[in-house]
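Worksheet: the structure to be examined is printed underneath.
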Protein chains: 2
Amino acid sequence: MQEGTFTAPGYSGETARPAPNVYAADCPTRLLLDRIADKWSVLILTTLGPGERRFNGLKRHIDGISQKMLSQTLRSLERDGLVQRDVVPTVPVSVTYAVTPLGRELLDALQAMIDWAERRMGTVASAQVAYDRREEELSLIA
Amino acid sequence: MQEGTFTAPGYSGETARPAPNVYAADCPTRLLLDRIADKWSVLILTTLGPGERRFNGLKRHIDGISQKMLSQTLRSLERDGLVQRDVVPTVPVSVTYAVTPLGRELLDALQAMIDWAERRMGTVASAQVAYDRREEELSLIA
DNA sequence: CGGAATCCGCACAGATACTG
DNA sequence: CAGTATCTGTGCGGATTCCG
């Protein structure tokens with residue numbers, strides 16, 4: 001087994017405890033975030049959105065990803081049923097990846113977030129500049 | 001300054017290079033993911049969704065978050081213009097956090113993803129079990 | 001109450017080399 | 001082409017302590 005395998009936090013030793021609150025650590029949103037709130041998962045999904053791609057095709061398209069992280073994240077997505085891996089036994093072997101129907105659903109659900117990023121990341125960048133400038137001024141007083 | 005300040009990757013030494021492709025490292029989606037694709041940002045935003053909260057109120061509601069990460073992530077969200085911090089000079093001082101209009105927009109955009117998690121994380125969990133069982137069988141053959 | 005400062009482990013991510 | 005194996009380091013995130 002390779003080092004990082006994206007295992008769930010796994011609250012195993014929970015034998016009849018207070019159970020803090022229901023929003024808690026096992027709410028669906030947190031479980032989802034634990035899986036796709038990383039640097040590459042969403043990028044891979046969106047890249048596969050228009051159609052299937054091969055390993056090195058993905059690697060070329062997603063600038064800066066290492067083959068290790070690509071391989072690792074693809075396996076995680078495959079395990080979660082979001083991506084399907086198909087091996088075509090040519091010589092040399094050719095492997096294609098595609099989003100599953102479940103992955104397509106998630107991709108659709110993520111689209112609003114992606115659209116927001118296109119529209120608003122400029123505003124966010126401005127907010128940062130303004131914030132940093134205020135901080136700068138405050139530190140000059142002291 | 002505290003240790004982690006969520007600075008951008010910062011491609012500084014890029015003096016006239018090939019510039020791989022346009023999807024690249026500075027597309028809006030990646031910039032957004034670099035900021036909110038962490039363990040706590042989305043959780044804090046959704047917790048602030050219904051209305052403003054105080055520091056320890058947030059800490060109590062988000063099970064498992066440490067003071068450091070709460071403080072750090074709140075500052076990051078404030079810097080990005082997504083969350084507003086208000087200090088009420090009572091004794092002792094009371095500080096409230098609320099989503100800004102920009103943060104509200106993002107929250108709305110994230111809602112589809114959250115809804116999907118509610119509906120489908122069960123399916124994802126099943127897919128994992130099935131995947132792990134297949135892997136188990138394969139390793140038994142070898 | 002609402003943090004800041006410090007210490008520290010370990011998981012994650014990158015680089016490199018090798019394989020079928 | 002499509003990966004795995006191994007080494008290494010950085011920084012994320014937790015625990016603890018202290019402060020206005």
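Side chains included, hydrogens not; waters and symmetry mates left out as well; all remaining heavy atoms used. Chain identifiers are assigned alphabetically (A, B, ...) following the order of the sequence lines, protein sequences preceding nucleic acid strands; residue numbering begins at 1 within each chain.
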Report yes if a side-chain nitrogen or oxygen of [X] is closer than 4.0 Å to either non-bridging phosphate oxygen (OP1 or OP2) of [N]; otherwise report no.
X	N	answer
A:R54	D:dC1	no
B:R75	C:dG3	no
B:K68	C:dG2	no
B:Y97	C:dG3	yes
B:K39	D:dG14	yes

Test applied, side chain to side chain contact (heavy atoms under 4.5 Å, CB included); reference residue, A:W116; option that passes from B:D108, B:L102, B:L107: B:L102
Please report the distance, rounded to the nearest Å, between [atom1] in [X] and [atom2] in [N].
X	N	atom1	atom2	answer
A:D63	C:dG14	CG	C1'	14 Å
A:I65	D:dG3	CD1	P	13 Å
A:R53	D:dC1	CZ	C1'	16 Å
A:F55	C:dT19	CZ	P	18 Å
A:Q67	D:dT6	CD	P	16 Å
A:D34	D:dC12	CG	P	17 Å
B:L70	C:dG3	CG	P	8 Å
A:M69	C:dA15	CE	P	12 Å

Taking the minimum atom-to-atom distance to the side chain of [X], which one of [options] wins?
X	options	result
B:R85	C:dA13, D:dT4, C:dG3	C:dG3
A:V95	C:dG14, C:dA4, D:dG3	D:dG3
A:S66	C:dG14, D:dG3, D:dG14	C:dG14
A:W40	C:dG14, C:dC1, D:dG13	C:dG14
B:S71	C:dG2, C:dA4, C:dA13	C:dA4

Looking just at side-chain N and O atoms, do B:D115 and B:Q111 make a donor-acceptor pair shorter than 3.5 Å? yes
To the closest 0.5 Å, what do you measure between [atom1] ([X]) and [atom2] ([Y])?
X	Y	atom1	atom2	result
A:L74	A:M69	CG	CE	10.5 Å
B:E78	B:D80	CD	CG	10.0 Å
B:T100	B:E105	OG1	CD	8.5 Å

